[in-house]
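See structure below.
Chain identifiers are assigned alphabetically (A, B, ...) following the order of the sequence lines, protein sequences preceding nucleic acid strands; residue numbering begins at 1 within each chain.
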Amino acid sequence: MGHSFALSQACEGFQGLVREELNSICLKDIGVAAERYNHRETEPKWQSYWTENHSFEAKEDYSKPKYYVLEMFPYPSGRIHMGHVRNYTMGDVIARFRRACGFNVLHPMGWDAFGMPAENAAIERGIHPKTWTYENIATMRRQLKSMGLAIDWSREFATCDPTYYRHEQAMFIDFIEAGLVERRVSMVNWDPVDQTVLANEQVIDGKGWRSGAVVEKRELAQWFLKITDYAEDLLKALDGLTTWPEKVRLMQKNWIGRSEGMTFTFELEDANGQKLEDGLTVYTTRHDTIFGASFCAVSADHPLSQRLSKTNLALETFRKEVAALGTSEENIERAEKKGCPLGVFARHPFRKDVKLPVYAANFVLMGYGEGALFGCPAHDQRDIDFANKYSLPILPVVAPRGTDAAIFKITTEPYLEKDGDEAVLINSDFLDGMSVPEAKEEIAARFEATGIGKRTVNYRLRDWGVSRQRYWGCPIPVVHCADCGIVPVPKSELPVQLPEDVKFDKPGNPLAHHPTWKHVACPNCNQPATRETDTFDTFIDSSWYFARFTSPHDENPVNAEAAKYWLPVDQYIGGVEHAILHLLYSRFYARAMHKTGHMNADEPFASLFTQGMVIHETFKTASGEWVLPSDAIHKDGAWIHANTGEPLVVGGVEKMSKSKRNVVDPDTIIASYGADTARWFMLSDTPPERDIEWTEAGAEGSWKFTQKIWRIVNEIAEFPNADATMGADGLALRRVTHRSIAAITDDLNNLRFNRSIARIYELSNAMASALQIQNKSTDLIGALHEAANFLIIAMAPMMPHLAEECWSVIGHSTTAVNTSWPQTIGALVNVDEVTIAIQVNGKRRDEILVAKGGDRDILEARVLSMESIKRLIGGKTVKKIIIVPDRIVNIVVAE
RNA sequence: GCGGGCGUGGCGUAAUGGUAGCCGCAACGGACUUAAAAUCCGUUUUUCGAAAGGAAGUGCCGGUUCGAGUCCGGCCGCCCGCACCA
C-alpha cells in the first residue's frame with residue numbers, strides 16, 4: 001500500500017518522468033529484448049493510421065451479417081470521466097471483436113448536447129450555451145480519440161445541431177397528425193423566482209433547487225406524448241427482450257404498473273338524504289372488500305371537491321393546504337394522512353342502510369384511476385390510518401379460513417392475506433365463505449349486470465410531458481394564432497432554429513424574453529401570431545439518435561433502407577440509471593416512429609447490457625473535508641495527509657465524484673500509462689456488470705502486463721518464423737493456445753471480459769514458460785509463433801495499439817485490425833486425456849489420468865483395483881458406482 | 001412496506017449440480033544486482049503433522065441428491081429499484 005501511494009504521488013506531478021526513467025533503466029538491463037514498449041509514440045501513430053485508412057467507417061454491405069453496437073452517448077459536460085472510459089471500452093471490444101469475426105460493424109458516436117448545465121454555465125459564467133457545449137464536445141472528442149476507439153466518426157452529430165433537431169421537429173409534426181400528441185393543462189411544480197417548471201427531482205424540501213423559493217403547484221398548458229396508448233404493448237413486449245437484464249425488465253414492468261380492477265359508481269346524497277345528480281366513480285382492485293367499506297375519498301383536485309369548495313370554506317382551506325405541498329411524491333410521502341369531509345355521502349351499493357362519508361384526502365392522486373376510491377380500513381394500511389384518525393368503523397371482511405367472524409377484530413394493523421392462509425370472505429352477506437378471487441368475480445358479475453361498473457385495467461404510467469421552459473433545447477415547432485389556434489410550422493420552414501442573441505440576465509425562459517424571435521405570421525392565416533417558446537425535454541433527443549446514426553446525413557429523419565439494414569441495435573451498453581426513463585422513452589419512440597413510417601422496428605435495442613460504476617477510495621479530514629486519495633499516505637498504521645500530516649479518516653469506496661474528490665482523470669492516466677493500459681484495467685478482474693474499484697496498484701499491474709506481452713513477442717520474433725506442426729515439442733503449447741482462443745471467443749461472445757482476460761494471462765504465462773526452454777526445436781518455435789499470432793489478434797479488441805505494434809514486430813506487413821479472428825483446430829482444443837476425480841461416498845479421495853471417452857467398465861475396474869481406493873472401501877459393500885464420463889467416479893459404499 | 005440482487009482466501013474474483021479458489025493484486029522467500037527498481041523462480045484457505053498424509057471450509061440453520069458455492073425452505077447481513085397507485 002505504502003509503495004503504491006508513494007508512486008501515485010510521484011505520478012501526480014511527474015508521471016511522464018517516472019515512466020521515462022523506468023524505461024531507460026530497464027533498457028539498460030534487458031539487453032537482447034528490444035526497447036520497452038512506448039505507448040506515447042505508438043498510440044497516436046496507430047490512431048492516425050486508422051483515421052487515414054477509414055478503418056471503422058461502416059457501409060451497408062448485404063454480403064456480410066451486420067452488427068450494430070452502441071454505447072449510450074455522452075452529455076458534453078466538459079471532460080470524460082472513468083465511467084465513460086469503462087463504457088466505451090466495453091463497446092469498443094465488442095465492435096472490434098465482431099469486426100474480426102466477419103461482421104459488418106456499425107459503431108458510431110455523438111453528443112446528447114441539449115440540457116440545463118449549458119444554461120447554468122451561461123447564467124453563472126456568461127458563456128453562451130452553444131459555445132460552452134461545442135467547446136466541451138471538442139475536448140471530449142479529443143479525449144475519446146486518445147482512447148483509440150474503433151468508431152465511425154464520419155457519422156458523428158450533436159443533438160443541438162440544427163441538422164439533427166430539424167428532423168425531431170418534423171417527426172413531432174407527424175406525431176401530431178398521427179394522434180400521438182396532446183396539449184393539455186396539467187399541474188406542475190412552478191418556481192416563482194426562476195419562472196420555470198421544475199421536475200419533481202428538482203424540488204427539495206418543497207423548495208426550488210436553485211432559487212430556494214417555495215414551489216407552487218400551478219396549472220399550465222403542456223405538450224404530452226401519449227406513451228400511455230402503448231402501455232400494454234410496452235409491457236407485453238418486455239417478454240420478448242430476453243437478452244435484456246432481468247432487473248431492467250422488472251423495473252420497467254413496475255414502472256408501467258398494470259393493475260386489474262373495477263371502476264364503479266356510487267350514488268351520492270347530501271346531508272339531508274337528498275340524492276345528488278352525479279354519482280362518484282371510483283377505481284378499486286379490491287372490489288371483494290366492498291362490505292368492509294367505511295368511507296370514500298377523492299383527490300383535492302377532483303371535480304367534486306373543486307365544486308363543493310365554492311360553498312365550503314373549510315374545504316377551500318384544505319385544498320390550498322394540499323396545493324402548497326407541491327406534487328413531489330417525496331412530500332406527499334412525508335405528509336400525514338389528512339382529509340376534509342365534503343358533506344356528501346355515498347350509498348353502499350348492496351346495503352341501502354349504509355352511507356359512506358366522502359372526504360377530500362391528501363393521499364388520493366388525481367392522476368391515477370378515477371382520482372377517487374373507497375376505503376376499506378381492515379385490509380389496507382393507508383385506509384386504517386385514515387379511519388383511526390377520523391374514527392371511522394373498521395370491519396374485517398377477509399380472514400384466514402376457519403377464523404370465527406365474531407371474534408376476528410382489526411384495530412391498527414390491517415389484515416393482508418398471506419400465502420397459505422386460504423383466506424375467505426366474512427361479514428359480507430352473499431360473499432361469505434368465498435375466496436378472494438371468487439368474491440371479486442361475483443362482484444364484477446353483479447356490477448356489470450346492473451351497469452354500475454365494469455372491469456378496468458389501470459396503469460401507473462403517465463403520459464410524457466415534454467414541455468420545458470428552457471432555452472437550450474429543441475424548439476417545439478408550433479405557432480399560436482388568435483384565430484387558428486395551434487398551427488404546426490410547415491415542414492418546409494423547418495428547422496425552427498434557436499436564436500443565438502439571447503440574454504440570461506433575468507429569470508425565466510430567454511426565448512420568451514427575446515424581443516423578436518417569437519413574433520411570426522401565422523402559417524395558416526398570415527396574421528400576427530406567436531411561436532411556442534417552450535422547448536422539448538432532452539429525453540426526446542436521446543429517444544431516436546440510435547436511428548439517426550444509421551443515416552446521419554439523410555434528408556429524411558431516417559433513411560428507410562439504412563434503417564432496415566442496421567436496426568435494431570444489436571448490443572446497447574450503458575448505465576443502469578437509464579433503466580427506466582431513457583430506455584422506456586426510446587421503446588415508445590420506436591413505436592411512434594413505426595406508426596408514422598420512419599422506422600420498421602418496434603424495439604430499438606435487441607440486447608442491453610448495463611455496466612457497473614467506477615468507484616474509488618475516499619478520505620476525509622477530521623473536520624469532514626474530502627481529501628484527494630493521492631494526498632493520503634499510510635504511515636505507522638494510520639492515514640495522514642501527505643502535506644499537512646493531519647490524521648485522515650478512511651471513507652468508503654464510492655462512486656467517483658468531484659464533491660468527494662475521488663475522481664481520477666482519464667487524460668492523466670492515458671498520458672502516464674497509455675490508453676491500452678487504461679482499457680485493460682477497465683476490463684480486468686471485475687465482471688462488467690459490477691462496480692469496479694480503481695486502484696493505482698491495479699493500473700500498475702495492467703501496465704506491467706503490456707510490457708510483458710511486448711517482451712514475449714519481441715523474444716519470439718527473434719526466432720525465424722516457422723509453421724506450427726503437430727510435432728511433439730510444440731504440442732503442449734499449441735493445446736494451450738487453441739484452448740485459450742476457444743475460451744476467449746466464447747467469453748467475448750457473452751461479454752465476459754474479465755474471464756477472457758484471465759485466459760489471455762494463462763496463454764501468456766504458457767508462452768513465457770515455453771520461452772524458458774533451452775535449444776528450441778523447430779516444432780516449438782512454430783508453436784511459439786502461432787501462439788504469438790493468436791495472442792495478438794485475441795488481445796487486439798482490448799489493447800488495439802499494442803496489438804498493432806506487436807503484429808509488425810512479429811513480422812507481418814498487414815495490420816491486426818484487418819486480420820480475422822483466429823480459427824481453432826478441434827483436435828487441439830479437445831483434450832485426449834482427462835484427470836478423473838475419484839470419490840468415495842461423495843468425498844474426493846484420489847484421481848486417475850485416463851483417455852477421454854474411455855470405456856466405463858475398464859475405468860471402473862481400474863479404479864476398484866487402486867490401492868488407495870481398496871484401502872478406503874475395506875470390507876464394506878459397494879452399493880453402487882456412479883460414473884460421470886470424463887469427470888468423476890463416485891463409489892457409494894455401505895457405512 | 002413491496003420487488004429484485006448479492007454474501008467464496010488478506011483483497012478483486014473463478015467454478016454447464018461433478019476435483020472449491022482459475023487469473024490478477026498484495027505479502028513472504030529466493031535468483032540476478034555494489035544497491036534499488038525492473039525481471040525471473042517459488043510459497044500463500046484454515047488446522048493437525050517433521051513428512052507422508054489427514055481433518056475442516058463458500059454468511060447461519062435445515063432439506064433434496066450418489067454428490068450442493070450452485071437447487072429448495074427458513075433466518076442474518078449488505079446493496080439496488082419502486083413506493084400513499086386504491
Using a heavy-atom cut-off of 4.0 Å across all strands, would you classify A:N754 as base, sugar-phosphate, or nothing? sugar-phosphate
Between B:U39 and B:G18, how many Å separate the two P atoms, rounded to a whole number? 38 Å
Assign B:G5 to syn or anti; the rule is syn for a glycosidic angle within 90° of 0 and anti otherwise. anti
When A:D691 and A:I757 are each assigned the nearest nucleotide of RNA chain B, the 5'-most assignment goes to A:D691
Where the side chain of A:L250 is defined as all heavy atoms beyond and including C-beta, which of B:A86, B:G4, B:G12 is the nearest nucleotide? B:G4
Below 4.0 angstrom from OP1 or OP2 of B:A55, is there any side-chain N or O of A:R845? yes
Tell me the closest heavy-atom pair linking A:A346 and A:V358, and the distance in Å. N-CG2, 3.8 Å
Distance between the C1' atoms of B:G57 and B:G21, in whole angstroms? 11 Å
Cation-pi check, A:R460 onto A:W255 ring (under 6.0 Å, within 45° of axis): yes
Which part of the nucleic acid, if any, lies within contact of A:N765, taking any heavy atom under 4.0 Å across all strands shown: a base, the sugar-phosphate backbone alone, or nothing? sugar-phosphate
Rounded to whole angstroms, how far apart are CG on A:L416 and P on B:C2? 9 Å
Quick note, A:P687 side chain, CB onward, closest among B:A14, B:G3, B:C85 is B:A14
For a quick check of understanding: with a heavy-atom distance under 4.0 Å over all strands, which category does A:T686 fall into, base, sugar-phosphate or nothing? sugar-phosphate
Pair partner, B:C6 [Watson-Crick or wobble, under 3.5 Å]: B:G77
May I ask which nucleotide in the shown strands pairs with B:C71, Watson-Crick or G-U wobble, both distances under 3.5 Å? B:G63
Interatomic distance, A:I891 CD1 vs B:U19 P [rounded to whole Å]: 16 Å
Scanning both residues in full, the closest heavy-atom pair of A:M251 with A:A579 reads CE-CB, 3.6 Å
Any strand, both distances under 3.5 Å, Watson-Crick or G-U wobble: B:C23 pairs with B:G12
Please classify the nucleic acid contact of A:R759 as base, sugar-phosphate, or nothing, using heavy-atom distances under 4.0 Å. base
Flag for A:S259-A:Y283: side-chain donor and acceptor within less than 3.5 Å: yes
Under 3.5 Å on both distances, the Watson-Crick or G-U partner of B:C40: B:G30
Watson-Crick or G-U counterpart of B:G1, or none if no pair lies under 3.5 Å: B:C82
Does A:R844 make a side-chain N or O approach to OP1 or OP2 of B:A20 shorter than 4.0 Å? no
Would you indicate, yes or no, if B:A83 has its OP1 or OP2 atom less than 4.0 angstrom from a side-chain nitrogen or oxygen of A:R460? yes
In this structure, how many angstroms lie between the P atom of B:G81 and the CH2 atom of A:W244, rounded? 18 Å
Applying a 4.0 Å non-hydrogen cut-off, can you work out what A:V576 is touching in the nucleic acid: base, sugar-phosphate, or nothing? nothing
Whole-Å C1' distance, B:A14 and B:G9: 13 Å
Is the distance from OP1 or OP2 of B:C82 to the nearest side-chain N or O of A:K247 less than 4.0 Å? no
A:W255 side chain: which of B:C40, B:A86, B:A83 is closest? B:A83
Nearest to the side chain of A:R690, which nucleotide is it out of B:U19, B:C85, B:U13? B:U13
Between C1' of B:U19 and CG of A:D886, the distance in whole Å: 14 Å
How far does the P atom of B:U16 sit from the matching atom of B:G1, given to the nearest Å? 36 Å
What is the pairing partner of B:G49, taking Watson-Crick or G-U wobble pairs with both distances under 3.5 Å in any strand? none
Gap between atoms OH and P, on A:Y761 and B:C23 respectively (whole Å): 12 Å
Picking from B:U39, B:U16, B:A86, the nucleotide nearest the side-chain atoms of A:S259 would be B:A86
What's the gap between B:G12 and B:C79 when it is taken at their P atoms, as a whole Å value? 15 Å
Starting from P on B:C82, measure out to CG on A:L461 and report it in whole angstrom. 14 Å
Run the numbers on A:D746 and A:R752 for salt bridge (charged side-chain N to carboxylate O under 4.0 Å, His left out), then give the verdict. CA-CA 8 Å; A:D746 186 47; A:R752 293 188 293 240; 3.2 Å; yes
With distance as the sole test, does A:H379 use its side chain to make a donor-acceptor pair with the main-chain N or O of A:P414 at under 3.5 Å? no
Aromatic centroids of A:F681 and A:Y673 separated by under 6.0 Å: no
Looking at A:R249, I'd like to know whether one of its side-chain N or O atoms comes within less than 4.0 Å of OP1 or OP2 on B:G3. no
Looking for any heavy atom pair under 4.0 Å, which part of the strands does A:T695 touch: base, sugar-phosphate only, or nothing? nothing
Should A:E654 and A:I615 count as side-chain neighbours, where that means a heavy-atom distance under 4.5 Å? no
Check: A:K338 main-chain N/O paired with A:N362 side-chain donor or acceptor under 3.5 Å: yes
Could you state the CZ-C1' distance from A:R887 to B:A15, rounded to the nearest angstrom? 10 Å
Considering only side-chain heavy atoms of A:T285, which listed nucleotide, B:A86, B:A38, B:U19, is closest? B:A86
Whole-Å C1' distance, B:U19 and B:U58: 15 Å
Which part of the nucleic acid does A:E847 contact within heavy-atom distance under 4.0 Å: base, sugar-phosphate only, or nothing? base
Mind checking the P distance from B:C28 to B:A37? Whole angstroms is fine. 11 Å
Picking from B:C22, B:C84, B:A86, the nucleotide nearest the side-chain atoms of A:A758 would be B:C22
Is A:K253 atom NZ crowded by more than 12 heavy atoms from other residues, nucleotides or ligands, each under 6.0 Å away? no
So which protein nitrogen or oxygen atoms get under 3.5 Å of nucleotides 62-69 of chain B's nitrogens or oxygens?
from, atom 1, to, atom 2, distance (Å)
B:C66, O2', A:N890, ND2, 3.2
B:C66, O2, A:N890, ND2, 2.6

Tell me which nucleotide among B:C82, B:C85, B:A15 gets nearest to the side chain of A:Y368. B:C85
How close or far is atom P of B:C84 from atom CZ of A:F295, stated in whole angstroms? 16 Å
Look at the aromatic rings of A:H578 and A:H582 and report parallel, tilted or perpendicular, splitting at 30° and 60°. perpendicular
Are any of the side-chain heavy atoms of A:L241 and A:R249 separated by less than 4.5 Å? yes
Provide the distance between the two P atoms, one in B:A51 and one in B:U47, to the nearest whole Å. 14 Å
Looking at every strand, decide which applies to A:R258 at a 4.0 Å heavy-atom threshold: base, sugar-phosphate, or nothing. nothing
